[in-house]
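Beneath this line is the structure, given in structure tokens, with notes to follow.
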Amino acid sequence: MKKAIKMFFSVEGNKTKVALFLILSFIYNWVDIRKINLVQYIFHAVKDNDMYRIVAWGVITVIALVSMIITAYILGRIQSGLRYKMNAKCTDAFANKMLYMDYDQFTNIGQGHAFTVLGKTNAVGQITFDMVHIIGLIPAFIISITSLYALSLTLGFTVSCIVICMMFAIYTLFRDLFKLSDKTNEVETEMNHEFSEIISGFMEIRGNTTETFHRNKVRKLRHKMNSVVDLINKKDASIDSYCEFVQMLMTITICGSTAIMIFHGKLSIDAAVAAIYYGWKLSYPVINSSATIARMVPTLANYKMYDEYMSVENTIKDGEKEICEITNGISFQDVSFSYKDVPTLNHVSVFLKKGQHIGICGQTGCGKSTFIKMIERLYDPDDGSIKIDGVDIRDYTLGSLRGMLGVVNQESHIFNGTILDNVIYGSVNPSKEEIASACERAQLGELIHRLPDGIMTVVGENGLKLSGGERQRIALARVFLRNPQIIILDEATSALDNRTEAFVKEAVDSMKGKTVITIAHRLSTIRNCDQILVFDDGKIVESGTHEELLAKKGSSIYSNLCKASQMKHALGGSE
């Protein structure tokens with residue numbers, strides 16, 4: 001709660017608006033509490049048949065009512081405006097967090113949790129709305145209780161005791177409600193994780209006929225959610241009934257006390273009517289604040305989840321130097337890295353010369369992809385350093401460093417839009433000729449001409465309307481259009497047929513002066529590379545050209561990989 005309040009008041013202009021809201025609330029509630037007196041003045045004037053006083057008090061009453069209407073409108077505008085302002089701020093902050101979150105954090109958190117937190121971004125706005133509403137109830141409470149004390153100290157003290165006891169009891173109920181709201185968020189996260197799995201694994205579910213399995217998981221989670229929600233509803237019902245009881249108790253206390261005081265001649269009829277009216281007005285902020293706090297409890301649990309997500313600090317820190325061009329190359333100097341305490345790279349040292357085509361191969365899990373992620377600064381080394389032109393890449397800004405890279409992964413993401421939208425993604429105002437050239441080099445021409453809408457064809461979310469090879473070609477065209485200094489192909493042609501791959505390789509080789517790093521299990525993809533790095537158990541165990549590696553005496557990992565690849569090809573499989 002403290003963090004939410006601090007965040008709210010840190011926004012420029014909010015303090016001024018809250019101060020204005022509080023002042024206007026005092027004016028509104030002062031006029032509101034005095035309506036009973038205006039009515040009494042009019043009745044006395046009518047009783048005395050004094051037309052001048054009737055008109056005067058009537059005009060004053062109309063002015064008071066009009067001022068209340070105007071004030072209520074302004075209060076509503078301020079309250080709603082603050083809520084929408086905080087909602088926008090939290091949504092922007094969440095988007096910024098997602099866009100700049102560390103890769104390691106992103107993969108650990110998962111989509112389900114992220115979507116759950118996204119649904120909580122309105123929590124601060126709702127807390128703002130409720131908090132400002134409670135602030136607006138403070139003047140109503142102060143003016144009402146003060147008016148009661150002005151009529152009778154005994155009456156004011158009795159009502160104050162009832163209110164204090166009520167607040168203490170409700171606090172106990174709210175504390176239990178907060179714990180249940182936390183539990184609701186946990187189950188909601190599990191539910192979102194499951195639906196994320198259903199959406200992303202659509203084809204696998206169909207292929208393995210596991211619809212019933214996932215349906216049963218959703219039903220179990222829904223039953224779990226219903227159990228928690230049922231407990232919350234019981235607590236809400238307890239709070240509502242308790243508030244009704246307190247309101248009845250206050251009414252009985254005030255009516256009984258005023259009746260006794262009238263009987264003993266200590267209170268006039270006018271004062272008694274005013275006391276009952278003040279008590280009724282007092283019950284509004286008391287009951288309403290309880291209902292508002294009850295509404296805030298699950299919202300506070302939502303904010304707690306949002307705050308925990310937003311409070312995770314990035315470990316990959318931005319540098320200060322800008323890099324625009326590579327003159328020498330990339331140097332790994334005794335680089336070691338462990339992922340979740342499991343060594344992934346062990347004392348890797350290698351120099352990747354500018355303009356060379358470097359191939360990387362090895363068994364699954366030997367550290368190839370981690371090696372690439374180090375260049376992208378998705379991870380930072382535990383020991384050692386990575387330098388470009390003699391400067392540690394941690395000294396470069398992330399934007400300029402990653403702007404030098406063009407990465408095509410085995411499963412490159414295709415955005416929901418047209419082929420054109422996806423090809424030009426990341427490029428700044430490319431010309432039609434540049435787009436056409438990039439598509440031609442990525443062998444997209446045939447696909448574009450085959451589709452009725454050509455390059456303006458909508459490809460669906462993550463390119464669901466395309467084959468794996470078509471998605472890879474779009475990702476390759478995207479990189480060709482950007483024309484980066486370093487091109488990283490992580491199994492980027494694995495879904496292409498041999499003929500298409502040959503054309504793409506030719507297009508990559510034609511990019512003179514570019515440093516190309518290719519990871520491939522299909523060894524024909526890298527056999528013509530200037531340098532081939534063979535990884536095993538997080539180390540570079542062999543390096544050289546294809547011919548140099550095959551010429552090594554004795555059994556080598558690379559030669560064994562080649563033999564396995566040739567055998568697979570002979571048996572009718574792809575390399």
Side-chain angles (χ1 to χ4, degrees), residues 1-2 5 18-19 21-40 68 75 130-178 235-297 300:
M1 183 66 177
K2 289 181 180 178
I5 294 172
V18 170
F21 188 89
L22 191 60
I23 292 168
L24 291 175
S25 294
F26 266 105
I27 294 171
Y28 177 89
N29 285 285
W30 187 84
V31 174
D32 190 33
I33 203 78
R34 294 303 162 203
K35 285 190 298 186
I36 186 67
N37 301 114
L38 292 174
V39 171
Q40 287 176 338
M68 285 182 67
L75 290 171
D130 293 335
M131 182 177 65
V132 173
H133 182 68
I134 290 173
I135 289 172
L137 294 174
I138 294 173
F141 178 81
I142 292 174
I143 292 170
S144 299
I145 197 74
T146 304
S147 299
L148 274 175
Y149 270 106
L151 283 175
S152 169
L153 290 175
T154 304
L155 195 60
F157 179 76
T158 303
V159 172
S160 297
C161 290
I162 294 173
V163 171
I164 292 170
C165 292
M166 172 196 171
M167 290 299 182
F168 179 78
I170 288 179
Y171 170 76
T172 305
L173 293 171
F174 286 159
R175 187 175 54 191
D176 296 337
L177 195 60
F178 188 85
K235 291 290 181 182
D236 282 338
S238 299
I239 292 171
D240 290 341
S241 60
Y242 188 77
C243 288
E244 286 294 329
F245 167 74
V246 170
Q247 189 172 23
M248 288 171 50
L249 183 62
M250 286 178 61
T251 302
I252 292 170
T253 301
I254 292 171
C255 289
S257 299
T258 51
I260 293 170
M261 294 171 76
I262 290 171
F263 181 78
H264 290 288
K266 295 181 179 180
L267 203 65
S268 66
I269 297 294
D270 281 354
V273 171
I276 294 171
Y277 179 75
Y278 297 156
W280 175 66
K281 296 302 292 183
L282 177 63
S283 68
Y284 172 76
V286 172
I287 303 302
N288 206 273
S289 62
S290 300
T292 303
I293 293 171
R295 189 171 64 240
M296 283 180 71
V297 169
L300 286 170

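In what follows, residues are counted from 1 in the order of the sequence shown. Side-chain atoms are counted along with the backbone in the values below, which use heavy atoms only and exclude waters and symmetry mates.
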Distance from I254 atom CD1 to Y278 atom OH, nearest 0.5 Å? 12.0 Å

Looking at CG of N29 and CD1 of I138, how far apart are the two atoms once the value is rounded to the nearest 0.5 Å? 11.0 Å

Roughly how far, to the nearest 0.5 Å, is CG of L148 from CG of L153? 11.0 Å

In Å, rounded to the nearest 0.5 Å, how long is the span from CG of L75 to CG of L22? 10.0 Å

Taken to the nearest 0.5 Å, the spacing of K281 NZ from S147 OG works out to 11.5 Å

For Q40 and D270, the nearest pair of non-hydrogen atoms, with its separation, is NE2-O, 2.9 Å

So which heavy atom on I143 is nearest to which on W30, and how close? CD1-N, 3.4 Å

What one should report as the nearest heavy-atom pair of S268 and I262 is O-CG1, 4.3 Å

Could you measure the distance from the CG atom of L151 to the OG1 atom of T146? Nearest 0.5 Å is fine. 11.5 Å

Check whether any side-chain N or O of T258 sits under 3.5 Å from a backbone N or O of C255 as a donor-acceptor pair, and report yes or no. yes

Could you tell me which non-hydrogen atom of A140 sits nearest to which non-hydrogen atom of S144, and how far apart they are? O-OG, 2.7 Å

S257 and L155 have their tightest heavy-atom pair at CB-CD1, 3.4 Å

Closest non-hydrogen atoms of S25 and G136, given as atom of the first, atom of the second and distance, are OG-CA, 3.5 Å

Determine whether the side chains of S160 and Y149 contain a donor N or O and an acceptor N or O closer than 3.5 Å. yes

